[in-house]
Structure formats: structure tokens, C-alpha cells
There are 2 protein chains.
Amino acid sequence: MDIRTLCLGLLTLRESSGYEIKKAFESELAPFYEASFGSIYPALGRLTEEGLVSRTEQAQEKRPDKKVYRITSAGRLAFLDALAEPPSRDRTRSDFLAILLFADLLPARHLAGLIDERLAAHQSAARQIKSELAATLPAGRRFVLGHALALYEAAIAYVEENRHLVESEALLAKAGPGSGSGSGSGRLTAP
Amino acid sequence: MDIRTLCLGLLTLRESSGYEIKKAFESELAPFYEASFGSIYPALGRLTEEGLVSRTEQAQEKRPDKKVYRITSAGRLAFLDALAEPPSRDRTRSDFLAILLFADLLPARHLAGLIDERLAAHQSAARQIKSELAATLPAGRRFVLGHALALYEAAIAYVEENRHLVESEALLAKAGPGSGSGSGSGRLTAP
DNA sequence: GAAACCATGTAAGTTGTTACATGATTGG
DNA sequence: CCAATCATGTAACAACTTACATGGTTTC
């Protein structure tokens with residue numbers, strides 16, 4: 001799903017300026033999409049040309065005119081079509097995991113620092129989602145926020161329980177065959 | 001971390017042809033990176049020019065010469081430098097979650113189909129990771145595989161427990177305020 | 001007999017980011 | 001007083017992907 005389509009989708013929720021669309025990417029669509037102004041403004045321009053959104057300008061003193069975009073009925077239909085398409089599979093890129101794959105090339109204290117930072121970041125993200133979940137929310141939003149929270153919490157738990165795998169110098173070269181550890185909870189090898 | 005650097009990293013594990021690097025992306029670096037031939041071959045060419053890898057050609061009958069790449073000591077140093085850089089934050093894009101955010105625009109049976117497919121895909125991915133974890137593995141690889149497994153399992157559990165949020169027509173318009181549901185386990189609202 | 005695997009590479013195209021250009025207002 | 005917020009846009013650049021080009025071999 002490209003930025004253009006996502007802008008259209010966000011405009012089904014409420015009318016917005018480009019600036020507000022950016023913020024919507026950072027709340028509604030975080031943490032599973034992001035977009036910069038450099039892609040949002042051209043996308044809104046194209047949607048306007050295509051008649052999928054309409055634009056009204058609100059003059060403002062001492063600021064550039066605010067341009068408010070509203071989705072048109074053609075836009076709604078187009079967005080429904082896009083939603084009906086089979087979703088392409090998730091794509092993730094994680095420097096953190098790439099680095100940890102090569103853990104044996106790095107000193108344990110460096111890894112410990114990286115892991116501490118990651119845990120702190122995830123804990124703060126989880127806390128923020130929890131506070132958002134306290135409000136009344138549309139079902140889709142609630143589902144998606146809860147999903148993000150569940151993944152953050154799983155990642156935190158996993159990293160806390162298994163960081164010893166990459167932090168013990170003695171174990172860096174190799175680890176014994178897994179004891180199965182069926183359900184992903186608990187340590188993957190003895191400490 | 002760009003494809004070029006990741007190729008270099010994979011070559012610290014073993015010497016490989018471009019074709020084998022592609023497969024390594026699909027095993028070692030899955031599911032948190034991917035790359036096509038169109039980026040791998042040029043990356044290997046550039047690394048060779050820069051002296052970070054060496055290339056030897058193995059003539060083969062009835063096939064293009066196989067070109068085997070080996071990392072050089074300059075290459076090892078360069079990769080260590082890259083690993084020491086602070087990791088950029090994870091970026092995920094998920095059409096599935098984007099679609100679910102707009103669940104109220106879609107019929108419940110369509111959503112049910114999407115969710116069934118996602119569960120099947122995640123279950124199969126989890127099964128495959130479990131079988132890989134049965135072998136003896138370097139610590140970094142084990143950590144990273146276990147991480148992927150933990151996230152798949154958390155996603156499966158969450159979706160199974162909360163799909164009712166988006167599948168009950170009656171609840172589509174809005175959901176009540178959360179009962180907190182502190183630790184992400186359990187349902188977010190009553191069924 | 002079709003699909004997947006082996007094996008390399010290029011060119012064109014997509015999609016997006018970063019930096020540039022500009023500048024007032026508000027909150028800590 | 002410094003950072004963040006509000007507000008829009010363009011141009012240059014980066015990084016990939018897809019499709020094209022080629023073709024034997026192995027497995028179901």
C-alpha cells in the first residue's frame with residue numbers, strides 16, 4: 001500500500017491538511033507505516049488532480065494558507081477498491097536484529113548497551129499505547145493498537161529472557177541444540 | 001543498514017556466490033530483511049571494486065561461470081565499523097494492519113478471510129522456525145530466530161483472541177473504553 | 001510436461017527520503 | 001533563548017524492485 005492510498009484512507013477518518021496527515025501517520029499508522037512531507041504533499045496533489053479528494057484553502061495570517069483536503073465519493077470508492085486488494089506481505093527491516101545476528105563479532109558490553117536502549121524504547125512505546133487504549137476507540141483502531149502493544153510486550157519479554165544468549169562471552173561461539181522450548185516462553189538455553 | 005553492508009555481513013559467515021547470498025537473505029536475514037538479485041549483484045560488484053571482497057570464478061559446464069565471493073580483511077574491518085554504528089530504528093510496513101485499521105469499511109466475512117490467511121501464514125512460519133531452532137546454532141542466530149518465533153507466536157495469540165473486535169458487525173462502529181488489560185494478554189473488550 | 005532450481009547480469013522504473021527554501025508563534 | 005509546532009512545497013538523491021535477457025537441469 002503506497003503513501004498515496006494511505007493518505008486517502010486517513011481522509012476517510014477526517015478532513016485534514018497535509019500537516020495533519022503527517023501527524024496521522026505518526027499516530028493512526030504508527031508503528032507500521034511512516035511518511036515524510038516530501039511524499040505526502042505530492043500525493044495529495046495527485047489525489048486532487050484525480051478528483052479523489054477536494055481541496056479548500058483557508059487563508060491564515062502570518063502563515064502559509066492552510067489547505068484542507070476532503071475525500072470525495074469517487075475517492076471513497078477508490079479506497080474501498082484498494083482495501084479489497086490482497087495485502088502484500090509485511091516487510092520489516094531491523095538494524096537491531098541484523099547486528100545481533102553478528103553478535104559474536106562485537107564485545108558483550110556493546111551488545112548490552114544496545115539491548116538496554118532497545119528495551120527502554122520499547123517500554124516507552126508500550127506505555128504510550130496503553131494510555132491511548134484507555135480512551136474510547138473505533139474497533140479497527142483498538143485492534144491495531146492492541147496488536148502493536150502485544151508485539152512490543154512479547155519483544156520486551158523475549159529480549160529480557162534471552163539477552164544472556166548474546167551477552168555471555170563464554171557462550172558466544174556456539175550454543176547447544178535447543179531443548180524445543182515449544183511456546184516461545186522461557187529461555188532458549190540454560191544461563 | 002543497506003544491502004551492500006548486509007552482503008558483506010553474510011560473507012563473514014561463509015564464502016558465497018550471488019545466488020547463494022540471495023538464499024542467505026531468505027534464511028539468515030528473514031524475516032527482517034530481503035533483497036532481490038537486482039540489488040545483490042551490483043552490491044557485490046561494488047564491494048569487489050572497493051577491495052572489501054575478492055572474487056574467484058569457477059567455470060561450470062552449461063551454466064554461467066559461478067563467481068565465489070570471499071570477504072577480505074579490509075572487508076571485515078569495514079563491516080565491524082558498520083556494526084558499531086548506532087542502529088536506525090525498525091521500520092515495518094504492514095498492509096494487513098492498515099486494512100484492519102479501516103475494518104469498519106469492510107464486510108466481516110472479508111475480514112475473517114484475511115485473518116484466517118494471516119494466521120495460517122504465521123503458523124507455518126512459526127513451525128519452520130521451530131524446526132530450525134532444533135539444530136545447533138551460533139548464539140546470534142539462535143537469538144534472532146527465537147525473537148522472530150516469539151513475535152509470530154504473540155501475533156497469532158493476539159489475533160486469535162481479538163479478532164472478534166473487528167468481526168462482530170454489531171461492534172464495528174465503536175468499542176467501549178478499555179478495561180486496561182495491562183499485560184496485553186486476554187481480550188481487549190468482552191466478546 | 002511444468003515448475004522450481006541453478007546462474008548471472010542490466011536497464012528502466014518506482015517509491016520514497018533528505019535537504020533546501022521560508023518564516024511566525026508558542027511553550028518550557 | 002531554544003526547541004517545538006505550525007505550514008507548504010520542490011529538487012536532488014538514494015535505494016530498491018521489476019522486467020528483460022538467456023538457458024540448461026532436476027524434480028514432481
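In this text, all values refer to a predicted model and were calculated from it rather than measured experimentally. Residue numbers begin at 1 in each chain, while the letters A, B, ... track the order of the sequences.
Proximity note for B/K67 (side chain, C-beta onward) versus D/dG9, C/dT8, C/dT10: the nearest is C/dT8.
Atoms CG (B/L44) and P (C/dG9) sit 8 Å apart, rounded to a whole Å. When rounded to the nearest whole Å, the span between CD of A/Q58 and C1' of D/dT8 equals 14 Å. As rounded to whole Å, 16 Å separates atom P of C/dA7 from atom CZ of B/R55. In this structure, NZ of B/K66 is placed 15 Å from C1' of D/dG24, rounded to the nearest angstrom. Between A/Y41 atom OH and D/dA7 atom P there is a gap of 9 Å when expressed in whole angstrom units. Taking atom CD of residue A/E49 and atom C1' of nucleotide D/dG9, one finds them 14 Å apart after rounding to whole Å. One atom, CG of B/D65, and another, C1' of C/dC6, lie 14 Å apart when rounded to the nearest Å. The interatomic distance linking B/Q60 (CD) with C/dC6 (P) rounds to 11 Å, in whole Å.
Axis deviation across the helix from C/dG1-D/dC28 to C/dG28-D/dC1 amounts to 70°, comparing end segments of five pairs, rounded to 10 degrees.
Ring-plane geometry between A/Y19 and A/F37 is classed as parallel, the angle between the planes falling under 30 degrees on a 0 to 90 degree scale with a further cut at 60.
Applying the side chain to side chain contact (heavy atoms under 4.5 Å, CB included) rule to B/T48 yields the partners B/V53, B/R55, B/Y69; only residues at least two apart in sequence or on another chain are considered. For A/A78, the side chain to side chain contact (heavy atoms under 4.5 Å, CB included) test picks out A/L8, A/L52, with sequence neighbours left out.
Contact between A/R109 and A/P107 at its shortest, heavy atoms only, is NH1-CB, 2.9 Å.
The residues B/D2 and A/R93 are annotated as not salt-bridged, no charged nitrogen and carboxylate oxygen being separated by less than 4.0 angstrom. Using a 4.0 Å cut-off between charged nitrogen and carboxylate oxygen, B/D116 and B/R163 count as a salt-bridge pair. A salt bridge links B/R91 to A/E34: one of the charged nitrogens lies within less than 4.0 Å of a carboxylate oxygen.
The stretch residues 74-87 of chain B participates, sequence neighbours left out, in no side chain to side chain donor-acceptor pair (under 3.5 Å) pair at all.
Of the candidates A/K22, A/R14, A/R142, A/K23, A/R14 is the only one forming a salt bridge (charged side-chain N to carboxylate O under 4.0 Å, His left out) with A/E28.
Remark: aromatic rings of B/Y158 and A/F143 are close, center separation under 6.0 Å.
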Practice prompt. Spell out protein contact along nucleotides 11-28 of chain C as letters: B when the base is contacted, S when just the sugar-phosphate is, - when no protein heavy atom is under 4.0 Å; keep the 5' to 3' order.
Written response: -----SBB-----SS---
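Shown here is B/Q128, whose CD atom has no more than 12 heavy atoms of other residues, nucleotides or ligands within 6.0 Å.
Near DNA chain C, meaning a heavy atom under 4.0 Å from it, residues 14-32 of chain A has no residue at all.
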